[in-house]
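Heavy atoms only: backbone and side chains are in, while hydrogens, waters and symmetry mates are out. Note that the structure is predicted; figures quoted are calculated from it, not measured. All chains are named by letter (A, B, ...) in the order of the sequence lines, taking the proteins before the strands, and each is independently numbered beginning at 1.
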2 protein chains.
Amino acid sequence: MTDAPLIRRSPVPPDQCNLWKAFGLIGDRWTLVILRSALYGVRRFDDFQVELEIPRSVLSNRLAGLVELGIMERREYREDGQRARVEYPLTDMGRALSLPFMAMTEWSDHWIGKGTSPLTLRSKTSGQRLRVAMVDEDGKPARKDDIEPVIILPPRRPAKAGKQEK
Amino acid sequence: MTDAPLIRRSPVPPDQCNLWKAFGLIGDRWTLVILRSALYGVRRFDDFQVELEIPRSVLSNRLAGLVELGIMERREYREDGQRARVEYPLTDMGRALSLPFMAMTEWSDHWIGKGTSPLTLRSKTSGQRLRVAMVDEDGKPARKDDIEPVIILPPRRPAKAGKQEK
DNA sequence: CCACTGAGTCCAATTATTGGACTTAGAGTA
DNA sequence: TACTCTAAGTCCAATAATTGGACTCAGTGG
């Protein structure tokens, strides 16, 4: 995903692109902002609803979808003398979204917020500010002009008569 | 954006969150897949339309929106003896999305594609495979358990009578 | 003059979203 | 027991967005 010359078709066609599939699954406004809140630690139906001002029916759909995808889990829990409640914690799959979301946060702070950064990350031990970057196997950051893409597509089968699954 | 305890409200409220705003601007399925193709180098109306199988009217809307946001540019160009054509190249702002998109690509390759990676990046000089990571100011990757969030909100003004802009 | 291509616009049918009212069930209170 | 409250939803009618297809417009080449 680098700067590129004019190209008529993406080297990774949509039906073989995991990024494409991901966008098909979680790439809508409500799902994305639900995940934003979830990564901050919000877990309960009404908390999402109030914070996001999302219609309850839509929230209900989206949470069900995220659970089905394995990004969130629907869990009943009970605090001391309280009755059972439902919470929607992130799974490992969901928590793994923190890196792309952080990268997107940096982009938005720079290009939309004009440099304002309400949320930053820092190292607990050194106190240094952290940022998202491309690194090599030794953990050394790559220079922008030293990056090149490698495309490896599974061999396409000859495509017999009849259409492929879309 | 780290693993977090139960929280009733996000520490960065939606109206002060650049990430939220970004999702409001580019966080829909079609816009995201258009940007995917654009980062691969696709620039022309019909190329997007054929590759994405997107309704022409929607493509038209989305491209206009991306131009207005400053993520793409609408440019007429002319090849040798050809008539003038239109192309939609990414601006710096658009190209800067390659890092978050690459982070998202890695997430999707791992969690959706079960480890398949049609696109990877590598260092031209060392040939090493590159990945997205959090690094400190010296470029040293941070360990997951050494990361902590820092929230800095602009002081809220007292909120006079009448509602804020939503 | 005709056909072709690229870049759109226009429109009717379908689908999704919205905002609000309503439902359900357990816990605490009188 | 009867109320009340809260959390987590469901249901519904009005509005808005999306879809797929046909159509337009201009230059160019034959």
Open item on the list: Closest approach to the side chain of Arg83(B), judged atom by atom: which nucleotide of dG8(C), dT28(D), dA8(D) is it?
Closed with: dT28(D)

Task: Residue Glu68(A) excluded, over 12 heavy atoms near CD under 6.0 Å - done: no

Open item on the list: Can you see if the side chain of Trp30(B) gets near the phosphate of dT19(D) - specifically, an N or O under 4.0 Å from OP1 or OP2?
Closed with: yes

Task: Hphob cluster co-occupancy, Leu25(A) + Phe101(A), side-chain heavy atoms under 4.5 angstrom - done: yes

Open item on the list: Check this one for me: any side-chain N or O of Arg62(A) less than 4.0 Å away from OP1 or OP2 of dT17(C)?
Closed with: yes

TODO: Calculate the interatomic distance between Phe48(B) atom CZ and dA7(C) atom C1'; express it in whole Å.
DONE: 13 Å

TODO: Look at atom NZ of Lys21(B) and say whether more than 12 heavy atoms of other residues, nucleotides or ligands are closer to it than 6.0 Å.
DONE: yes

TODO: Take the protein atom CZ of Arg56(B) and the nucleotide atom C1' of dC25(D), then report the distance between them rounded to whole Å.
DONE: 13 Å

TODO: Report the distance from atom CE of Met134(B) to atom OG of Ser123(A), rounding to the nearest 0.5 Å.
DONE: 10.5 Å

- [ ] Spell out, yes or no, whether Leu153(A) and Leu121(B) are grouped together once hydrophobic residues are joined by side-chain heavy atoms under 4.5 Å, including indirect joins.
- [x] yes

- [ ] Figure out the CG/C1' separation between Asn61(A) and dG19(C), and round it to whole Å.
- [x] 15 Å

- [ ] Send over the distance from Gln49(A) CD to dA8(D) C1', rounded to a whole Å.
- [x] 11 Å

Open item on the list: Classify Arg29(B) by what it touches in the nucleic acid, base, sugar-phosphate, or nothing, heavy-atom distance under 4.0 Å.
Closed with: nothing

Open item on the list: Just the rounded figure in Å: distance from P of dA16(C) to CD1 of Ile54(A).
Closed with: 16 Å

Open item on the list: Distance check needed: dT17(C) C1' versus Asp28(B) CG, whole Å only.
Closed with: 14 Å

TODO: Using a 4.0 Å heavy-atom cut-off across all strands, classify Tyr88(B) as base, sugar-phosphate, or nothing.
DONE: sugar-phosphate

Task: Short side-chain N/O contact to dA27(C) OP1/OP2 from Arg78(A), under 4.0 Å - done: yes

Open item on the list: Just to be sure I understand the rule, does Val58(A) reach a base, reach only the sugar-phosphate, or reach nothing, if contact means heavy atoms closer than 4.0 Å?
Closed with: base

- [ ] Round to a whole Å and report the spacing from CG of Leu52(B) to C1' of dG20(D).
- [x] 16 Å

Open item on the list: With a 4.0 Å limit, can you tell me whether Ser60(A) has a side-chain N or O closer than that to the phosphate oxygens OP1/OP2 of dT10(D)?
Closed with: yes

Open item on the list: Please report the distance, rounded to the nearest Å, between CG in Leu59(B) and C1' in dG21(D).
Closed with: 16 Å

TODO: Name the residue closer to the 5' end of DNA chain D, choosing between Arg85(A) and Ser57(A) according to the nucleotide with the nearest heavy atom.
DONE: Arg85(A)

